[in-house]
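Structure record follows, encoded as structure tokens.
Labels below follow one simple rule: chain letters A, B, ... track the order of the sequence lines, proteins then strands, and each chain is numbered from 1. On a predicted model such as this, the values are computed, not experimentally measured, just so you know. Only this structure's heavy atoms are used, side chains among them; waters, hydrogens and symmetry mates stay out.
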Protein chains: 2
Amino acid sequence: MDRELLLLGVLRQQGMHGYQVHEFIDQYLASCTDLKKPTAYFLLDKLAKAGWITAEQVQEGHRPPRRVYRLTEQGEAAYQRLLRENLAAYVPAYFISDIGVAFLDDVPGDEARARLAQRRAALAAELETAQAAPVHPGSLQWLVEHRARHLQAELDWLDEILKRLAGRAA
Amino acid sequence: MDRELLLLGVLRQQGMHGYQVHEFIDQYLASCTDLKKPTAYFLLDKLAKAGWITAEQVQEGHRPPRRVYRLTEQGEAAYQRLLRENLAAYVPAYFISDIGVAFLDDVPGDEARARLAQRRAALAAELETAQAAPVHPGSLQWLVEHRARHLQAELDWLDEILKRLAGRAA
DNA sequence: TGCTGATTAGTCAATATTGACTAAGGAGCC
DNA sequence: GGCTCCTTAGTCAATATTGACTAATCAGCA
């Protein structure tokens, strides 16, 4: 239900059409989710069917009509409930993209170090862009900090592994 | 391709049937992914269709036959390639389940603190079980450490937020 | 032996996700 | 105007994921 909470929270601040919702999340909440455009539309449809948001058709020129979504009263209630549930519960995140480390022994030490060094560089670059990115005012910025902390933890871990690999090769 | 790499890496060490693969990952790689049983079977089918693994039908009693999967030569080549790609690339992880923090302002300070305290407790419990869990020898244990670091980062961040909320309410 | 509940093994229909597409509008330029 | 390229806006078929199910075997025990 986290995606649903996200969309409700965004639409609650301001009515938006699908593309706008996607853009907003892509800009300010990229650390939380990589919500693809078709998924955004899919979820908006779902929320509309659940009666949590309504769509107002807006015709402009020869385009297909845009639907501007807004929370309904039930949507507001659902938002309040989901938000509270979310704050109270811890749900683990997964790190499948680090799986290669489980199989490090299958790569010669030199090559392993070289490849991990590449990874480290990409990660460090990500950390820098994350810290340079534009920040939306309010508690949204706490999420940016959140991301930075995780990236830093990942960086420290990588360094530790590189150190161990160096020790092992000697 | 990370899931595929994971399955190849597991099957490479030892031929297994679907249920066994799922069990193994569930036990030793729970920090990397929550691979559901049907997804495991789906991926095994896909790998078999790609010619990366072969299925040996094994009949036992009146059960439906179990298929024991093993890497083919192409599977071994794919494994080597995917592993190297994986080590060199950094792919960001997302934290959608922390989205509630973006909307903290919508909950009265007292309640927010109470709910987040619940979350903190769950997280701390998770960290403890993670550190007490059985460890598979070899570089797999580095992933356990990885998880611990991220959990710790999350814990520190939560504490920081709780502190700020306390300051704000005063 | 017969019963009950847990474990092993796998499937399937419903739901969710995504890459690749269409198509209008606008900006820059000749 | 006519051309090209970029941005905005949305759709759709193919692919992936999951909750809920079936069904055999096994373990304990009266």
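- Legend: residues meeting salt bridge (Lys or Arg N to Asp or Glu O under 4.0 Å) with B/Arg12, ordered by chain and number and at least two apart, are A/Asp106, B/Glu76.
- Along DNA chain C, read 5' to 3', the first and last nucleotides having any atom under 4.0 Å from a heavy atom of chain A are C/dA16 to C/dG25.
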Pair up each side-chain donor or acceptor in residues 31-44 of chain A with any protein partner under 3.5 Å, not counting sequence neighbours, and list the distances.
unit_1: A/Asp34; atom_1: OD2; unit_2: A/Lys36; atom_2: NZ; d: 2.6
unit_1: A/Tyr41; atom_1: OH; unit_2: A/Tyr19; atom_2: N; d: 3.2

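- To the nearest 0.5 Å, atoms CG (B/Leu11) and CZ (B/Arg70) are separated by 9.5 Å.
- With sequence neighbours excluded, the residues satisfying side chain to side chain donor-acceptor pair (under 3.5 Å) with A/Glu160 are A/Arg164.
- Side-chain atoms of A/Asn86 come within 3.5 Å of backbone atoms of B/Ser97 as a donor-acceptor pair (strictly under, hydrogens ignored).
- The bend of the helix from C/dT1-D/dA30 to C/dC30-D/dG1, defined by the angle between the axes of its first five and last five pairs, stands at 20° to the nearest 10°.
- By the salt bridge (Lys or Arg N to Asp or Glu O under 4.0 Å) test, B/Arg115 is found to be paired with B/Glu111, residues two or more places apart in sequence or in another chain being considered.
- The aromatic rings of B/His150 and B/Phe95 lie tilted to each other, with the angle between the two planes from 30° to 60°.
- Of the possible donor and acceptor atoms, one in the side chain of B/Arg119 sits under 3.5 Å from a partner among the backbone N and O of A/Ala89.
- Shown here for A/Ala102 and B/Ser139, the closest heavy-atom pair between the two residues is O-OG, 3.0 Å.
- Listed by residue number, there are no residues of residues 13-23 of chain B with a heavy-atom contact under 4.0 Å to DNA chain D.
- Using a 4.0 Å cut-off on heavy atoms, none of the residues of residues 46-57 of chain A approach DNA chain D.
- Against DNA chain C, the stretch residues 29-45 of chain B makes heavy-atom approaches under 4.0 Å through B/Lys37, B/Pro38, B/Tyr41.
- Judged as a side chain to side chain donor-acceptor pair (under 3.5 Å), and not counting sequence neighbours, the contacts of A/His17 are A/Gln20, A/Arg66.
- With sequence neighbours excluded, the residues satisfying side chain to side chain donor-acceptor pair (under 3.5 Å) with B/Arg120 are B/Asp159.
- With sequence neighbours left out, the side chain to side chain donor-acceptor pair (under 3.5 Å) criterion links B/Arg149 to B/Glu145.
- Screening B/Leu7, B/Leu47, B/Ile53 against B/Leu71 for a side-chain contact (heavy atoms from CB on, under 4.5 Å) leaves a single residue, B/Ile53.
- Going from atom CG of A/Asp26 over to atom P of D/dA9 covers 14 Å, rounded to whole Å.
- With rounding to the nearest 0.5 angstrom, the CD atom of A/Glu154 is 5.5 Å from the OH atom of B/Tyr90.
- The line from OH of B/Tyr79 to CH2 of B/Trp52 is 13.5 Å long, rounded to the nearest 0.5 Å.
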